Amino acid sequence: AQQGRVREKAYGKQKIYFADQEQLPAASDAELRGLDGEITALSSKVQALQQSCRQMEAELKDLNSSMTTPEIAREIEELRKDCASYTEKLERIKSATNHVTPEEKEKVCSEQKLYCREWRRRKRMATELLEAILEGYPKSKKQFFEEVGIETDEDHNVTLPA
């Protein structure tokens, strides 16, 4: 900086050194236009290369995420084994003689509906009766249930079927 080849600027406690551009030869307008054209050409070339690079990276990502030929061969073999086992299971099910007839199925479903309806009716009746008793009872509902020994569906995590 003392010899004049480099300039110095102070920003607070920091000092910045840079080349003294006054010692460099000045470029003509023609040279500047040529350099601007070269910059534009190189910028477009950089953009084209970046676009190409992005496309190649996307293609590489797709290829890396896809299965290799040996992996595909193993997967096909596993799927064929699964298919064979399912086919065998299907044949066993088809050849079974203990099928449920639609009449039997309908009978079981209607019985289940009947029993669920009865369950709901009896639960409602018991709840109403217990609430009537609890109106005049001095302790809490939980204490009453413990004293009498009542177990609810909720105590055993039982719910009515829909």
Side-chain angles (χ1 to χ4, degrees), residues 9-18 32-33 35-162:
K9 276 195 176 181
Y11 291 103
K13 293 181 179 180
Q14 296 177 342
K15 292 183 181 180
I16 298 177
Y17 296 92
F18 56 92
L32 289 175
R33 275 187 297 240
L35 290 174
D36 286 340
E38 190 177 335
I39 288 171
T40 306
L42 290 174
S43 294
S44 64
K45 187 176 180 180
V46 165
Q47 286 179 348
L49 288 173
Q50 285 175 338
Q51 179 67 22
S52 174
C53 184
R54 279 193 292 273
Q55 289 173 347
M56 288 181 180
E57 285 175 347
E59 186 178 339
L60 178 63
K61 183 180 176 188
D62 288 343
L63 291 174
N64 285 337
S65 65
S66 65
M67 297 175 123
T68 63
T69 304
E71 289 173 341
I72 290 175
R74 279 193 300 270
E75 183 73 20
I76 289 173
E77 188 61 33
E78 288 176 21
L79 290 173
R80 283 188 179 146
K81 287 178 185 175
D82 289 347
C83 185
S85 68
Y86 290 140
T87 304
E88 181 183 324
K89 187 175 179 180
L90 179 64
E91 290 302 320
R92 278 187 281 142
I93 291 171
K94 283 182 178 179
S95 66
T97 57
N98 58 351
H99 294 293
V100 177
T101 63
E103 294 82 22
E104 290 173 331
K105 181 181 175 186
E106 184 62 36
K107 180 182 173 189
V108 169
C109 289
S110 65
E111 285 179 0
Q112 185 205 19
K113 287 178 186 175
L114 174 72
Y115 295 140
C116 286
R117 196 170 35 249
E118 189 66 22
W119 184 0
R120 282 188 185 91
R121 189 177 68 80
R122 290 181 183 196
K123 184 173 181 173
R124 185 176 53 251
M125 287 174 25
T127 304
E128 289 173 358
L129 182 65
L130 290 171
E131 285 176 0
I133 292 171
L134 285 170
E135 283 180 8
Y137 193 72
K139 296 181 183 175
S140 71
K141 181 178 181 180
K142 186 176 182 180
Q143 289 173 335
F144 175 70
F145 281 10
E146 286 178 12
E147 285 180 16
V148 177
I150 296 175
E151 295 177 352
T152 63
D153 293 340
E154 291 76 21
D155 291 340
H156 296 282
N157 295 324
V158 176
T159 57
L160 279 165

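Remember, it's a predicted structure, so these values are computed and weren't measured experimentally.
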Is the shortest side-chain heavy-atom distance between [X] and [Y] below 4.5 Å?
{"X": "Gln112", "Y": "Val108", "value": "no"}
{"X": "Glu57", "Y": "Lys61", "value": "no"}
{"X": "Leu63", "Y": "Glu59", "value": "yes"}
{"X": "Glu111", "Y": "Lys107", "value": "yes"}
{"X": "Arg117", "Y": "Leu114", "value": "yes"}
{"X": "Pro161", "Y": "Trp119", "value": "yes"}
{"X": "Cys83", "Y": "Leu79", "value": "no"}

Rounded to the nearest 0.5 Å, what's the gap from [atom1] on [X] to [atom2] on [Y]? Could you check?
{"X": "Leu130", "Y": "Phe145", "atom1": "CG", "atom2": "CZ", "value": "4.5 Å"}
{"X": "Gln47", "Y": "Gln51", "atom1": "CD", "atom2": "CD", "value": "9.5 Å"}
{"X": "Glu38", "Y": "Ser43", "atom1": "CD", "atom2": "OG", "value": "10.5 Å"}
{"X": "Ile39", "Y": "Ser44", "atom1": "CD1", "atom2": "OG", "value": "12.0 Å"}
{"X": "Thr127", "Y": "Met125", "atom1": "OG1", "atom2": "CE", "value": "10.5 Å"}
{"X": "Gln143", "Y": "Leu134", "atom1": "CD", "atom2": "CG", "value": "11.0 Å"}

Evaluation steps, side-chain contact (heavy atoms from CB on, under 4.5 Å), between Asp155 and Thr152: CA-CA 5 Å; Asp155 291 340; Thr152 63; 3.2 Å; yes
Please check if the number of heavy atoms outside Tyr86 that lie under 6.0 Å from its OH is greater than 12. no
Electrostatic pair Glu154-Lys123, nearest N-O below 4.0 angstrom: yes
Looking at residues at least two apart in the chain, or sitting in another chain, which of them share a salt bridge (charged side-chain N to carboxylate O under 4.0 Å, His left out) with Glu118? Arg121, Arg122
Check each of Gln50, Arg54, Met56 against Ser52 using the side chain to side chain contact (heavy atoms under 4.5 Å, CB included) test, and report the only one that passes. Met56
Show, in sequence, the C-alpha distance, side-chain angles and deciding distance for Glu75 and Glu71, and conclude whether the side-chain contact (heavy atoms from CB on, under 4.5 Å) test is met. CA-CA 6 Å; Glu75 183 73 20; Glu71 289 173 341; over 6 Å; no
